[in-house]
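Note that ligands are numbered from 1 as they come in the structure, with each ligand's atoms numbered from 1 the same way.
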Amino acid sequence: MVVGWVYDRFFHRHRTDETHPERADRLEVIVSDLAAAGVLDRMRPLQFQPAPAEIVGWVHEPAYVELVRLACEQGFGFIGSSDTKISPESYDAALLAVGGVLGACDAAMSGEVPRSFCAVRPPGHHAERDLAMGFCLFNNVAIAAEYLIRRHGLKRVAILDWDVHHGNGIQHIFEERRDVFYISIHQTPQSLFPGTGYEREIGHGPGEGFTLNIPMKPGSGDREYHGVFDTQVFPRLDEYAPEFVLLSTGFDATRGDPIASLNLEPSSYGWMTREIAEIANWHSHGRIVSVLEGGYDRVRLGQCAIEHITAMMDEVTDADAER
Ligand SMILES: [Zn+2]
C-alpha cells in the first residue's frame, strides 16, 4: 500500500536553539534515513497548504491563535513556558504543519492515499485549547480529529498516542466527548512531564469511558507493550470501531531517548503499527494518518520511522479483507 508523505523544508524554520531537544535536525535525520533505506522513494509526497487560522480555532481559542501569531511576529523567544521556544516563522510553520495533517486526512477520506506519515514540527499533543506547552503550539492531531468530524462528517475517530509523554492537550480537548476516543500509552505521570495521564482519568460526562490512559513504569519495553496492546489497546479499539485512526507518533519511548526512561526498540514501532493497521482495515477502510510528535535520540529516530512506515505499507491480507 502506498503511504503518503507530508513534509516541507519550511518546518525547519521553526527554530528553537542548539541545545533544545526539539530541533530541526530531527527532521533531517528522519528524511536522510528514510531516503538511504529506499523508503522515501516508495512514498507519495502530498501537496498541502497552511491551515486557515479559522480551522485552528475550531480547537484552540481564537485569542490564543492570535497570541501565537503576535508572539512570533514580535520576536518573543518562547511562549507559555520557557521550554517552548518560538522564532519569527514558528507561527507559519505551525499553520503549515496543521495544513499538512489536514491534507493527509483529505487524501485518506477521498480514498486516494489511505495512509500517511506526517513529518511535521512543531509537534502538537501538549498544546491546550489556550496554552502552548511542551514544545507544542497548535494541537495538530486534535485539529485533525475535529476536522474529520466537522468537514467529513465522521462520528467515531480514534487517536492512539504512543509518544512517551501523556498528550494532555488532546485529552483535555476531547474528554467530554465520545466522538473521539483518546488512548495514550506513556511513562507514568509520577516520573515524567507533564504529570497527567493517570488510569483514573477516563473522561467526563458523555465522554466517560472514551479516554484511556495506560501509564508504563520506567524501564518498560517490548514485552510490557505487547501486554497492554493485547489486553487493552487492541480490544478497546476494536470495540469502538473507529471510522478513522489518527496516531500521535512519538518515538521517545525508545531505549536511549535522552528525555525519557522506557525501552522500546525501533522494531516495536513495526509490530505496533501492524496491530493498528489491522484495526484500521477492519473498521476504517484502512485509513491511518500518523503525525510526528516527540523522539529525540538522533541515532535511533530514523530507524523507528523506517519500521513504522514500512509496516504501514504492508498490504491488506485476504483475512483482513474478509472481516
Ligand atoms: Zn514526547
Mutual orientation of the aromatic rings belonging to F117 and F251 [parallel < 30°, tilted 30-60°, perpendicular > 60°] | tilted
Separation between CZ of R121 and OG1 of T16, rounded to the nearest 0.5 Å | 5.5 Å
By side-chain contact (heavy atoms from CB on, under 4.5 Å), D33 pairs with (sequence neighbours left out) V29, I306
If every non-hydrogen atom of H125 is compared with every non-hydrogen atom of N139, which pair is closest and at what distance?
-> O-ND2, 3.6 Å
With R177, which of V157, I149, T211 fulfils side-chain contact (heavy atoms from CB on, under 4.5 Å)?
-> I149
So among T249, L46, L247, V289, which one has a side-chain contact (heavy atoms from CB on, under 4.5 Å) with C118?
-> V289
Excluding waters, which protein N, O or S atoms are within less than 2.8 Å of the Zn ion (ligand 1)?
-> D163 OD1, D163 OD2, H165 ND1, D252 OD2
